[in-house]
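Everything below concerns the one structure shown next.
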Amino acid sequence: MGGVDAQNGETSCSFLLQQLQQIWDEVGETDEDRDKMLLQIDQECLDVYNRKVDQAVKSRVHLLQALADAKVEFSRLLSALGEKTYDGIPEKNSGSIREQLAAIAPALEKLWKQKDERVKEFLDVQSQIEKISSKIAGTSEQVESPKVDESDLSLKKLDEFHAQLQDLQKEKSKRLHQVLEFVSTIHDLCAVLSIDFFSTVTEVHPSLNNSTGVQSKSISNDTLSSLARTVLALEEDKKQRLQKLQELATQLIDLWNLMDTTEEERSLFDHVTCNISASVDEVSIPGALALDLIEQAEVEVERLDQLKASRMKEIAFKKQAVLEEILVCAHIEIDSEASQHKIMALIDSGNIESAELLVDMDNQIVKAKEEADSRKEILDKVEKWMAACEEESWLEDYNKDQNRYNASRGAHLNLKRAEKARILVGKIPALVDSLIAKTRAWEQDRDTIFTYDGVPLLAMLDEYMMLRQDREEEKRRLRDQKKFHEQIKEQETPFGSTPSAAQPLGTKKVVGPRANGSGNRRLSLNSHQNGSRSTTKDGKRDHSRMVAPVNHVSISKDDADSHISGTEHIPSTP
């Protein structure tokens, strides 16, 4: 009976109450005591229920708090990871609290795992950023582990760090390239200057030694600045050494030329003279600007200077020959014999240092070159004028030739030359006018007379123009005379008969400005010949300088008549 009652709670309580009443009946408990004991039993039962309810309430509160915390953690993880939604989460308030906790737990596990992986990614990229930033800043290689902000682990933030890392990697690559370029430049400069490369770069930073790897080299701002200063210092040193070496090379060549040094002796210093006109960038041979090489060149220059002192006269005469050659090419008159006597007297007297004499002669050469340069444009026009006058003279001789149109050998070449000569002769007046204008401007600018081999050029040009004008007048007179004679002969000749051939007429010939037999094509004037014109510096005519060309020959009237009659083409001139 007890087993059956144990299966049913209500039956068990009734059974126990019956047993209790039987015991009370046997004992003889009063009704009052019985009521008290029953009330006590009811109160104890109520207390048990209350405790159980309290425990159930606390358990529910705890579960609700756990569920709330799980949801908050879930939301926080989603926010930190930058996720807006997450698939697989049950709808709100669907199922019991324990079911809801059981449903959200796997999602939380996945998010925690995803967060841990994301933190590792952030830690890795931030570590690289810190490391590269440290190298760029030039701080200690010991970089502390970076702190990851777990409140923002979104892919957007991660991408920002990756972008920052990429920029830093590019900056690092650029700086590393700059460092390697600087190191390479320093290596080349040290090779040319014969300077120890390793000690030079290690003074900048120990990591620049070739024994360290490329990625281990310092790329800090201080290193780059120091490398740049080192390169500038080496380039300046190279520039100064090259300048010094070129000065020595120039001195060597000048001394060699003065003393006719043999090619064999010169070849001993080819490594010095080979860079005489080279730019700084063109000198790249190792040891080309070594200090011992420069010292050798200095010793050789000093030796040649001492040797030069013993050959002063020979050297001075060579410089005088250079000066005279410049003046002769510029058609400036010079008394060569007097100049040589003066040089010998100065050297023999000992009143002037050898170096001072040579410097003075060098200055004369410089001034002579400047003078020659200022005369070049005018002299070029004089050459053209001379050539035109030669063609004019040839053309007049050609026009006298009665057989010039015969089919002889070379006749066609002479015809072509005659056509070109007529064109050239037609340009003579304009050429002379231009030459006169430039000569006058030159004289006014320098307040001196322009001479050609000692002869005033304006006087010669004026004389030439007068003779040319006289020739044109002579031609017109001879043409009129010939026409008059032909008219008379036509009146005397019977009707229908053929007039006899007229005797050839000649014309007065203006000979060009070149002197007869002059090897250097000097312009010569006869200072005793009247009728010429010249111009002073103020532009007025100086009749005291009226001269005529020495090679000018007057032609008789009969010769002129002969030339006119035998000339078919007379060159026209203004």
Side-chain angles (χ1 to χ4, degrees), residues 123-146 161 164-249 269-272 274-276 278-299:
L123 188 62
D124 179 61
V125 69
Q126 287 182 237
S127 297
Q128 295 184 57
I129 290 174
E130 290 292 335
K131 186 176 180 180
I132 296 175
S133 298
S134 176
K135 289 182 68 68
I136 292 176
T139 56
S140 176
E141 294 292 334
Q142 298 297 329
V143 181
E144 295 182 359
S145 178
F161 277 118
Q164 183 181 355
L165 176 61
Q166 189 174 9
D167 292 339
L168 286 173
Q169 288 173 339
K170 289 180 180 178
E171 178 68 15
K172 175 185 175 182
S173 178
K174 183 183 75 172
R175 285 170 174 262
L176 184 60
H177 181 69
Q178 290 176 341
V179 168
L180 295 177
E181 279 190 346
F182 277 132
V183 171
S184 177
T185 302
I186 291 173
H187 179 272
D188 295 341
L189 289 171
C190 288
V192 173
L193 300 174
S194 292
I195 298 176
D196 185 24
F197 164 70
F198 292 108
S199 62
T200 302
V201 294
T202 51
E203 286 180 4
V204 177
H205 197 277
S207 66
L208 300 180
N209 195 306
N210 284 342
S211 60
T212 61
V214 174
Q215 297 298 327
S216 301
K217 296 187 183 299
S218 174
I219 58 173
S220 66
N221 292 331
D222 291 340
T223 300
L224 288 173
S225 299
S226 182
L227 285 172
R229 288 194 298 271
T230 303
V231 169
L232 288 176
L234 291 174
E235 287 179 343
E236 182 63 25
D237 190 14
K238 179 182 178 182
K239 180 180 178 181
Q240 292 178 357
R241 291 194 190 186
L242 178 60
Q243 184 177 359
K244 178 65 177 178
L245 192 69
Q246 289 177 337
E247 291 175 357
L248 292 171
F269 289 87
D270 284 344
H271 55 291
V272 175
C274 66
N275 293 320
I276 190 170
S279 64
V280 176
D281 295 334
E282 291 174 343
V283 180
S284 58
I285 299 175
L289 299 177
L291 286 177
D292 57 348
L293 185 148
I294 296 176
E295 291 174 358
Q296 291 175 4
E298 289 176 339
V299 171

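Everything quoted here is computed from the prediction, not taken from an experiment.
- Contact record, Lys238 with Val280: NZ-O, 2.9 Å, taken as the closest heavy-atom pair.
- Applying the salt bridge (Lys or Arg N to Asp or Glu O under 4.0 Å) test to residues at least two apart or on different chains, none of the pairs has a partner in residues 194-207.
- Every residue meeting the side-chain hydrogen bond (donor to acceptor under 3.5 Å, both in side chains) condition with His205, not counting sequence neighbours, appears here in chain and number order: Ser207.
- With sequence neighbours excluded, no residue satisfies side-chain hydrogen bond (donor to acceptor under 3.5 Å, both in side chains) with Gln178.
- Taking Asp188 as the reference, nothing meets the side-chain hydrogen bond (donor to acceptor under 3.5 Å, both in side chains) condition, with sequence neighbours excluded.
- Salt-bridge annotation for Lys174 and Glu171: present, with a side-chain N of the basic residue lying under 4.0 Å from a carboxylate O of the acidic one.
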TODO: Dump the intermediate steps for side-chain contact (heavy atoms from CB on, under 4.5 Å) on Ser134 and Glu130, then the final yes or no.
DONE: CA-CA 6 Å; Ser134 176; Glu130 290 292 335; over 6 Å; no
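- Put simply, CD1 on Ile129 and CD on Gln166 are 11.5 Å apart, with the number rounded to the nearest 0.5 Å.
- Taking the salt bridge (charged side-chain N to carboxylate O under 4.0 Å, His left out) definition, one finds that Asp237 meets it with Arg241, sequence neighbours left out.
- Scanning for side-chain contact (heavy atoms from CB on, under 4.5 Å) contacts around Ala278 gives Asn275, Glu282, Val283, with sequence neighbours left out.
- Shown here are the side-chain contact (heavy atoms from CB on, under 4.5 Å) partners of Glu181, two or more places apart in sequence or in another chain: His177.
- Between the side chains of Gln240 and Glu236, at least one donor N or O sits under 3.5 Å from an acceptor N or O.
- Partners of Val179 according to the side-chain contact (heavy atoms from CB on, under 4.5 Å) rule, which considers only residues two or more places apart in sequence or in another chain, are Val183, Leu208, Ile219, Leu224, Leu227.
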- [ ] Check the pair His187 / Val201 against side-chain contact (heavy atoms from CB on, under 4.5 Å), numbers first and verdict last.
- [x] CA-CA 9 Å; His187 179 272; Val201 294; over 6 Å; no
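- Partners of Gln246 by side-chain contact (heavy atoms from CB on, under 4.5 Å), not counting sequence neighbours, listed by chain and number: Leu242.
- How far NZ of Lys239 is from CG of Asp281: 11.0 Å, rounded to the nearest 0.5 Å.
- Across all non-hydrogen atoms, the minimal contact from Thr200 to Cys190 is OG1-SG, 3.9 Å.
- Atom OG of Ser127 and atom CD1 of Ile132 lie 11.0 Å apart (nearest 0.5 Å).
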- [ ] Any chance you could lay out the side-chain contact (heavy atoms from CB on, under 4.5 Å) test for Asn221 and Arg175, step after step, and finish with the verdict?
- [x] CA-CA 9 Å; Asn221 292 331; Arg175 285 170 174 262; 2.5 Å; yes
For residues 290-298, which side-chain donor-acceptor pairs fall under 3.5 Å, sequence neighbours excluded?
none

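- Evaluation of the side-chain hydrogen bond (donor to acceptor under 3.5 Å, both in side chains) rule for Thr230 yields no partner, not counting sequence neighbours.
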